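Values below: every heavy atom of this structure, side chains too, minus hydrogens, waters and symmetry copies. Given the structure is predicted, the values throughout are model-derived calculations rather than measurements.
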Amino acid sequence: MLQRLLGLLGADLAIDLGTANTLVSVVGEGLVLNEPSIVAVEEGTHRVLSGGTAVGHLAKQMQGRTPQSISVVRPLNGGVIADFELCEAMLRYFLRKAQRQGFRVRPRVLVAVPASITPVEKRAVYNSTQRAGAREVFVMGEATAAAIGAGLPVVEPVASMICDIGGGTTEVAVLSLGEVVASQSVRVAGDAFDLAIVDYLKRHYSLRVGPAAAERLRIEVGSAYPLEEELSEEVRGVDAISGLPRKASITSEEVRESLANPLDQIVQAIKATLEACSTDLVADLVDNGLVLAGGGALLRGLDRFLHEHAGLPTRLCAEPLSAVARGTYICLEHFDRWRGVMRSAEEDV
């Protein structure tokens, strides 16, 4: 009764705390915030600029263009908290921005986390979220949230398979009867794609570019499978030998070549997940196939590439960028029904 009364006085929040982006949903309102997981601070300190508001979009605008006195950093790395204080400051800003102004009680918060998270890393999520202003904190697996957000029949006695490729991690899971039957979590995703492109340009073109330029190149011309009409794009950077600015024209075939290793690691994670399943579950997947979610899943031809290498029908879910956020929102909105997929700090002691 107390929890229901508190729920009437303040809205509950669902958070997709991603390495690249954080999405916040408010029960009764839906998705209200989608901003980069990034903070601008004074160099050598944890003081967030602009009175604590240099977070998200504002900090993103500063990235790569700051003087030495300012650092633009990501509080999360590989899907987990790398800087406790900055993550807390970022969450406090996002929670405050997502809620209506005026009197309100501290909200109940559900956070999606990678399956590979350690007990210490999970404790950091609980503590950071509570210190940022949450009354009560629950966590759930990103793969489960993505599957629910993608509309898969996870509670039915049939296998559903999800591959959520985010910024820091790729979560692969097979679910049946509301439980994860088999899963793999690898710290290879969008960031690894971008670093692979950076390394390729340095080795083959002696051109140094930043992760942001590599991400643009991946979005503009990147692909996992040969295209009917190959693309090309100009990229600007610094010559590794002379140190002078230079540009080069890069083709989609070259970007595809640079992505071979991280894509192979995702394929291996899918195969390892399938090997851990019973023959009956794998037989279900022959018809039901593999569903892709997450921003990394938007890479051109990824569905055809995985179909060819994993042997399963593969499709992209609707609105893959917000699949995890939709899943956490659904679970929090129907809290009693989905309570079994969540964990609280007391249960993880």
message: Let me confirm one number: the CD1-SG distance from Ile148 to Cys331, rounded to the nearest 0.5 Å.
response: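 Separation between the atoms: 3.5 Å.
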task: Show your working on salt bridge (Lys or Arg N to Asp or Glu O under 4.0 Å) between Arg187 and Glu121 and close with a plain yes or no.
output: CA-CA 14 Å; Arg187 295 189 178 181; Glu121 291 166 342; 3.4 Å; yes
query: Taking only residues at least two apart or on different chains, which pairs with a member in residues 275-301 satisfy side chain to side chain donor-acceptor pair (under 3.5 Å)?
result: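 Passing the test, one end in residues 275-301: no pairs.
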Qualifying side chain to side chain donor-acceptor pair (under 3.5 Å) pairs, either residue in residues 201-223, two or more places apart: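 Output for this query lists Asp194-Arg218, Asp199-Arg203, Tyr205-Glu254, Ser223-Arg256.
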Answer yes or no: is there an ion pair linking [X] with [Y], defined by an N-O contact shorter than 4.0 Å?
| X | Y | result |
| --- | --- | --- |
| Arg74 | Asp191 | yes |
| Arg106 | Glu136 | no |
| Glu308 | Arg304 | no |

- prompt: Does any donor atom in the side chain of His309 or Asp264 lie under 3.5 Å from an acceptor atom in the other side chain?
  reply: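 The criterion, which ignores hydrogens and geometry beyond distance, is not satisfied for Asp264 and His309.
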field: Over 12 non-hydrogen atoms of neighbours within 6.0 angstrom of CD in Glu42
entry: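 Check passes, neighbour count above 12.
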Arg246 atom CZ: more than 12 heavy-atom contacts under 6.0 Å: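 Atom CZ in Arg246 is packed in, count exceeds 12.
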Indicate yes or no: at least one non-hydrogen side-chain atom of [X] is less than 4.5 angstrom from one of [Y].
| X | Y | answer |
| --- | --- | --- |
| Glu230 | Thr251 | no |
| Val238 | Leu244 | no |
| Leu302 | Leu263 | yes |

Hey, is the main chain of [Y] close enough, under 3.5 Å, to the side chain of [X] for a donor-acceptor pair?
| X | Y | result |
| --- | --- | --- |
| Thr169 | Gly79 | no |
| Thr328 | Val324 | yes |
| Thr66 | Met62 | no |
| Thr45 | Arg47 | yes |
| Ser37 | Thr22 | yes |
| Arg326 | Tyr329 | no |
| Glu171 | Ala115 | yes |

field: Derivation and outcome, side-chain contact (heavy atoms from CB on, under 4.5 Å), residues Leu201 and Ile250
entry: CA-CA 9 Å; Leu201 293 175; Ile250 310 299; 3.5 Å; yes
- prompt: Which of these, Asp12, Val137, Val27, Leu13, sits in a side-chain contact (heavy atoms from CB on, under 4.5 Å) with Arg108?
  reply: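 Among the candidates, only Asp12 passes.
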- prompt: Are Ser344 and Arg339 close enough, and set up right, to give a side-chain contact (heavy atoms from CB on, under 4.5 Å), and what steps lead you there?
  reply: CA-CA 10 Å; Ser344 67; Arg339 178 64 181 86; 4.2 Å; yes
- prompt: What heavy-atom pair brings Ile117 and Val113 nearest, and what distance separates the two atoms?
  reply: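 Closest approach of Ile117 to Val113, heavy atoms only: CD1-CB, 4.0 Å.
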field: side-chain contact (heavy atoms from CB on, under 4.5 Å) between Ser25 and Val32, worked out
entry: CA-CA 5 Å; Ser25 303; Val32 297; over 6 Å; no
task: Just do the side-chain contact (heavy atoms from CB on, under 4.5 Å) check on Arg343 and Phe138 with the steps written out, would you?
output: CA-CA 5 Å; Arg343 300 284 294 178; Phe138 295 89; over 6 Å; no
task: Take Glu35 and Lys60 through the test salt bridge (Lys or Arg N to Asp or Glu O under 4.0 Å) and record every step on the way to the result.
output: CA-CA 9 Å; Glu35 298 206 25; Lys60 184 77 171 179; over 6 Å; no
